Amino acid sequence: MAEERFDFREAEPRWQQKWDQEGIYKVERDPNKPKYYALAMFPYPSGKLHMGHVRNYSIVDVIARFRRMKGYNVLHPMGYDSFGMPAENAAIQKGVSPAVWTKSNIAEMTEQLKQLGYSYDWDRAVYTYREDYYKWTQWLFLQFYRQGLAYKKTAPVNWCPSCQTVLANEQVVDGKCWRCDSDVTKNNLSQWFFKITQYADELLEDLRLLEKGWPDRVRTMQENWIGRSEGAKVAFTLEATGDKIPVFTTRPDTIYGVTFMVVAPEHPIVEKIIESGLIDGDRVTAIRAFQEKMKSLNEIARTSTEAEKEGLYLGVDVTNPFNGEKAQLWIANYVLMDYGTGAVMGVPAHDQRDFEFAKKFGMEIKVVIQDAAGTVDAATMTEAYAEPGAMVNSGPFDGTPNLEGIAKVAAFAQEQGFGEKTITYRLRDWLISRQRAWGAPIPIVYCDKCGTQPVPESELPVRIPDDLNFTGEGGSPLRRHEGFMNATCPSCGGPARRETDTMDTFVDSSWYYLRYADANNAEKAWNPEDVDYWMSVDQYVGGIEHAVLHLLYSRFFTKVLRDMGYVKVDEPFSALLTQGMVLKDGSKMSKSKGNTVSPEEMIEKYGADACRLFIMFAAPPERDLDWSDAGIEGAYRFVNRFYRMVMSALPAYQHARSLLPVHMGNLAGFMGALTEQEIADGLRKAEPNLTPEDKELRRMIHATVKRITNDLHDRFAFNTAISGLMEMTNAIYAYRDKLDAEDWNLRTLVLAEAIQKAILIIAPFCPHLADELWSKLGYQESIHLHPWPDFDENVARAESVEIVLQINGKVRDRLEVPAGITAAEMEQVALASDKVKALIDGKQVVKVIPVPGKLVNIVVKG
RNA sequence: GCGAGAGUGGCGGAAUUGGCAGACGCGCAAGACUUAGGAUCUUGUACCGCAAGGUGUAGGGGUUCAAGUCCCCUCUCUCGCACCA
């Protein structure tokens, strides 16, 4: 008996099959229930699940199961983000087609997900690589195109030499490719973009809607990424050619302090100056050398704060439109072509970076903001003065407080016609072209006569041919596929070339959460009624690495689709939980370090339930979790301890049932289960016979149910919820040992109630174990369709509580007092305590502070 | 450099609103059962001290009857941004 264990190897697959057959996790729209959309970021089908996946999906599964039991209509779907490089690499290396490789990985991962007992509605699975999905990705592209939100332009773009494709800015991390870590270079190419900058302001503003639901960290990261900056644009004049060079500045109030100007080495004005013949050959050679040097450095090396400031005088001067003063024109490493206007005014007195540059190259420092004491002095200053002050040496603005000056100077420039107030963003448009074949082809053809033509919607999808030749050389295989390349122009019917770039896989994942609402629609991307019912996602869970990638793109998509009338929500994800990583020995699991833990082996050894329980118990969800082999052993032991607890209580449970009249619900016979109502009614009858131990167990159970419910509902404190469950289990063990079998009567309902509630609570964490034990109680229907246990406030309330007596804040005694005790009574009993009396003897009681139900602090002197 | 988060026993972590620091688990120790146990059950387990008692939440200071929690300074770690004009 003592060695009895939960036979997970037999029971887990059996329950999985039963759930599948009965379709208990399938979900439809239901106007009579509140809806709840629980979503995990869908995986790339790389082959096998890793522990990070298990953690992510276990968290969402617990949330989904809990909400389901709480009476919500829960949408909990899963799918695969299944376009992308690894499939193509497999094709190149192993000669297997990307589709075959992807499909077999999906099959394997789906099998694993099923083994873990996740409550997905598999009928709603989405697979981005399939025609029935990417047809709609292409359709969405056409909608964007029609709105002018998809456009093609030639620009310097990020190029990953290893992936042989361009990348969006968000996909370049520290100057390296987010996927393969190679150094990214800049290439000038004609590429397709989505105009995400058109939504920059709203994407920033609406972060406020997410204040409650999203972590500060992610909101801040998006805020920084969008990088809104208010200021002014002012055009300086290159007298020699008459060209205007606009600069962007956030400090127009310092414009009278300009002593030089710097442009990016690749700024077009540089070419113009060279072409104009204004400067001699030696200088041209020097400029060329400087440009070459900058080009050879990657972005990080060139623009890091650590890097020494480098610059070169171009030999020409510009004129400040405010005062007509001349300033030297330079190029320098620290000025970036793709931010602002690529040109910066140099105000060394009031900008630290300009100060350092001026010091190094011997430029004049001119003070135009003065502090109250008048101590800012160009001759003695050792760093830029960036504090507030009054404008000086600033013509008509002298005496103006500089913070007011910012707006006034900008307004003046606007009046005079050489500048304007403006806002600059760090955010760039989203480059979506990829020179890869395993993605959704961009539905565009090029006709010599008619130009760029969108593929008509009726001709979608533009299919990826299944006879592509993956060699790894010579660019995308689509380019070499004649059948794909050659198209007819939808406008004139003449011969045309097809666009051979595919879309960034982040386009696929920017709308998959909408497709889940209506996953099998062959006529439309989705039916608005379904999307309106299910959206927005109530709880989204995934890794922090998508803070400015997927999460920003999806927000953008939602806003565009809202403006086009396809969705009604402003934001796709009302609440976001970023789960921590799963570590081993303090560092990230990786094959190269050899510190991986395979979910497969863990499930095989301890079962899915133990695995899920450990991962939910070991750390709060947003924190990193260090995998511990001893820890999962502990979870495994608990699963069995729980199982034994219920099994050993079954005779008492059955005894209680035999004492109750057979109810309608129990007509199935003696194997029928006790309903909550029957237990509650029976306990009411048994009330006079209940011993203090009985009452204490009931109190403990009800109080703990309350606490756990709160942990799960309000704060995703799965770890403390599980510790509560363990405490319940410990209490039931202790109680059971005292329950004398000779003395059985309706009292055994106390135990019946306790185990029933405990099984219900463990259900979201250990779904197989719970259903197994639930059926042992006699229930025919799955526990996962049963409501979450409730608790009775009156039962949960303790009759007496232990209070602490403190003297000067130190604990000196403890007393058992009635729960409803008043502050005055507390004070009285505290001062009556022998221990307290002895300790305060001969001292003066200054103050007595009673805290109801908790403690009394006696402050004494002397 | 800027921004965010974190720092609590041997370890993972708990303390929800300023009110008993260390719940729960791991590990360890002892006992019971046992042919045996790495199974199971029970008990103990922050530190110092024989004890009474004292000390203790990165370090220092402060507010308060009372501080892991609030305020100020310092240190360390993690993450994000990083010459953004």
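Note on naming: letters A, B, ... go to the chains in the order of the sequence lines (proteins, then strands), and numbering restarts at 1 for each one. In this text, all values refer to a predicted model and were calculated from it rather than measured experimentally.
Regarding Arg217(A), its CZ atom lies at a distance of 20 Å from the P atom of C2(B), rounded to whole Å. Rounding to whole angstrom units, CG of residue Leu583(A) and P of C77(B) are separated by 18 Å. Whole-Å rounding puts the Asp629(A) CG to G27(B) C1' distance at 14 Å. Atom CG in Asn224(A) sits about 13 Å away from atom P in G5(B), given to the nearest Å. The distance between atom CZ of Arg637(A) and atom P of C26(B), rounded to the nearest whole Å, is 5 Å. Between Met826(A) atom CE and C20(B) atom C1' there is a gap of 12 Å when expressed in whole angstrom units. In this structure, Trp225(A) places its CH2 atom 7 Å from P of C81(B), rounding to the nearest Å. The CZ-P distance, from Phe638(A) to G12(B), rounds to 22 Å in whole Å.
Within a 6.0 Å sphere centred on NZ of Lys360(A), heavy atoms belonging to other residues, nucleotides or ligands number more than 12. More than 12 heavy atoms of other residues, nucleotides or ligands shown are found within 6.0 angstrom of NZ on Lys584(A).
Of the nucleotides present, none pairs with G56(B) by Watson-Crick or G-U wobble criteria with both distances under 3.5 Å. Across all strands shown, A15(B) forms no Watson-Crick or G-U wobble pair with both distances under 3.5 Å. In this entry G22(B) has no Watson-Crick or G-U wobble partner, no candidate having both defining distances under 3.5 Å. Pair assignment for A32(B): U40(B), on the basis of Watson-Crick or G-U wobble contacts that are both within less than 3.5 Å.
Ring orientation note: the planes of Phe66(A) and His713(A) are nearly perpendicular, at an angle over 60° on the 30°/60° scale. In this pair, His546(A) and His550(A) present their aromatic rings perpendicular. The plane angle is above 60°, beyond the 30 to 60° band. Between Phe718(A) and Phe765(A), the ring-plane angle classifies as perpendicular under the 30° and 60° cut-offs.
Remark: Arg623(A) is in phosphate contact with A14(B), judged by side-chain N or O atoms under 4.0 Å from OP1 or OP2.
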*Audit row: Thr259(A), Gln328(A), side chain to side chain contact (heavy atoms under 4.5 Å, CB included) steps and yes/no*: CA-CA 7 Å; Thr259(A) 58; Gln328(A) 292 191 343; over 6 Å; no
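Only the P atoms considered, G9(B) is 29 Å distant from U64(B), to the nearest whole Å. Straight-line distance between the C1' atoms of U8(B) and G22(B): roughly 8 Å, to the nearest whole Å. Taking atom C1' on both nucleotides, A23(B) is separated from G13(B) by 10 Å, rounded to a whole Å. Rounded to whole Å, the C1' atom of C20(B) lies 22 Å from the corresponding atom of G25(B). Only the P atoms considered, A82(B) is 34 Å distant from U69(B), to the nearest whole Å. When the C1' atom is used for both A52(B) and U40(B), the distance is 40 Å, rounded to whole Å.
Candidate nucleotides G12(B), A85(B), G3(B) were compared by shortest atom distance to the side chain of Val344(A), and A85(B) ranks first. Which of A23(B), A15(B), C65(B) sits closest to the side chain of Ser723(A) comes down to A23(B). Checking G25(B), A15(B), G19(B) against the side-chain heavy atoms of Val851(A) singles out G19(B) as nearest.
Using a 4.0 Å heavy-atom cutoff across all strands shown, Ser229(A) reaches sugar-phosphate atoms only and no base atom. Using a 4.0 Å heavy-atom criterion, one finds that Lys810(A) contacts the sugar-phosphate atoms exclusively.
Taking the O4'-C1'-N9-C4 or O4'-C1'-N1-C2 dihedral as appropriate, G31(B) has a value more than 90° from 0 and is therefore anti.
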